[in-house]
Number of protein chains: 2
Amino acid sequence: MNLKHSKQRDSIMEFLRERKDHPTADVVYMNVRKTFPNISLGTVYRNLTLLADIGEISRIRVGDGVDHFDADTSPHYHFICKECGSVIDLEMEDMTDINETANKNFSGLIEGHITYFYGKCGNCSTKS
Amino acid sequence: MNLKHSKQRDSIMEFLRERKDHPTADVVYMNVRKTFPNISLGTVYRNLTLLADIGEISRIRVGDGVDHFDADTSPHYHFICKECGSVIDLEMEDMTDINETANKNFSGLIEGHITYFYGKCGNCSTKS
DNA sequence: CTAATATCAGTAATAGTTACTACTTTTGAA
DNA sequence: TTCAAAAGTAGTAACTATTACTGATATTAG
């Protein structure tokens, strides 16, 4: 894979790094457009996919039908608010041990797991 | 919600019950068509959504972009094979305790979690 | 039996994402 | 430095999974 430099990709990367939430492709598009007014949505998608493939960012799928992206590739868990839909980082240690637990009565090979938590976020639970 | 009886819905329910894997709407459609040759894909989707809403079946989202459906609504975890994409039930106890662990450094309210494991299934790991 | 209404088949519409195409940048070597 | 190969881009078309709409049909309570 022979990467070439691109201002658009830099801008996408930069935007993702300065956000602590986990924007969707569309949100990235809306914001990078402030710097590159005629960047294409296709370019955003292609670069997000590329960056995820080479491990620069990670793609988060929380079952809301939209992919979220995160510049923080260190292993960590996510919380999804059922009320407002926001995706929030959780501070807790990695549960690698559950892979072995799952492998006990299983004929294949378990390499990892994906876990996300759901409920009401701080904002939404104080509101109601 | 005032439900009326429908042969089509029965057939969808029956098909789901006789399958141990976790078919997608399209697979349900293909198979129910053997009994109802001109059932509509829209009907399949509408009934799967309805059945999931009233808790008769459960919708499984494993991040492959397609919804899977399961007539077994008892709480259990799933495994997804990275090779062939099949979704398999795992025999392991519920990890309700991880919700409390996650709640320790979190300001909101954690109501539950979704976990699925990935790797190579029995079939695919013996093949390679 | 019949009227109210849930459900249906068929089809159009939508959302998110990927693919295609002709043009533009980047980059490494001449 | 220049210049062409390769990677990237904007714009747009296409695709996939799903939902919404519409006029006809089936179910069921009274």
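Values below: every heavy atom of this structure, side chains too, minus hydrogens, waters and symmetry copies.
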Measuring to OP1 and OP2 of [N], would you say a side-chain N or O of [X] lies under 4.0 angstrom away?
| X | N | result |
| --- | --- | --- |
| A/N47 | D/dT9 | yes |
| A/Y45 | C/dT17 | yes |
| A/Q8 | D/dA10 | yes |

*Centroid-centroid distance, B/F106 to A/F79, less than 6.0 Å*: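 Between B/F106 and A/F79, the centre distance is under 6.0 Å.
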*Could you tell me whether B/T24 contacts a base, only the sugar-phosphate backbone, or nothing, with contacts defined as non-hydrogen atoms closer than 4.0 Å?*
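Touches nothing.
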*Give A/R9 one of three labels, base, sugar-phosphate or nothing, depending on what nucleic acid heavy atoms sit under 4.0 Å from its own.*
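Since only primed, P, OP1 and OP2 atoms lie under 4.0 Å of A/R9, the category is sugar-phosphate.
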*For side-chain hydrogen bond (donor to acceptor under 3.5 Å, both in side chains), just list the numbers for A/D72 and A/S74, CA-CA rounded to whole Å, side-chain angles, deciding distance to a tenth of an Å, and then say yes or no.*
CA-CA 6 Å; A/D72 177 5; A/S74 68; 2.7 Å; yes
*asked:* Here's a test of your reading of the structure: between B/H5 and B/L41, which maps to the more 5' nucleotide of DNA chain C?
replied: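 The 5'-side residue here is B/H5.
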May I have the distance from [X] (atom [atom1]) to [N] (atom [atom2]), rounded to whole angstrom?
| X | N | atom1 | atom2 | value |
| --- | --- | --- | --- | --- |
| A/Y29 | C/dT17 | OH | C1' | 14 Å |
| A/M30 | C/dG16 | CE | P | 10 Å |
| A/L50 | D/dA7 | CG | P | 11 Å |
| A/R46 | D/dT12 | CZ | C1' | 14 Å |
| A/I39 | C/dT24 | CD1 | C1' | 14 Å |

In terms of side-chain heavy atoms of [X], which of [options] is nearest?
| X | options | value |
| --- | --- | --- |
| A/N38 | D/dA6, C/dG10, D/dG11 | D/dG11 |
| A/T43 | D/dA7, D/dT9, C/dT7 | D/dT9 |
| B/K4 | D/dA10, C/dT27, C/dT5 | C/dT5 |
| A/S40 | C/dA6, D/dG11, C/dT27 | D/dG11 |

*In sequence, state the C-alpha distance, the side-chain angles, and the governing distance for B/H76 and B/D70, and then conclude on side-chain hydrogen bond (donor to acceptor under 3.5 Å, both in side chains).*
CA-CA 11 Å; B/H76 61 280; B/D70 191 349; 3.1 Å; yes
_If only side-chain N and O atoms count, and only distance matters, is there a donor-acceptor pair under 3.5 Å linking A/R59 with A/T49?_
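Note: A/T49 and A/R59 side chains meet the donor-acceptor criterion.
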*Treating Ile, Leu, Val, Met, Phe, Trp and Tyr as nodes and any side-chain heavy-atom pair under 4.5 angstrom as an edge, say whether A/I88 and A/I80 lie in one connected cluster.*
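Shared cluster, no.
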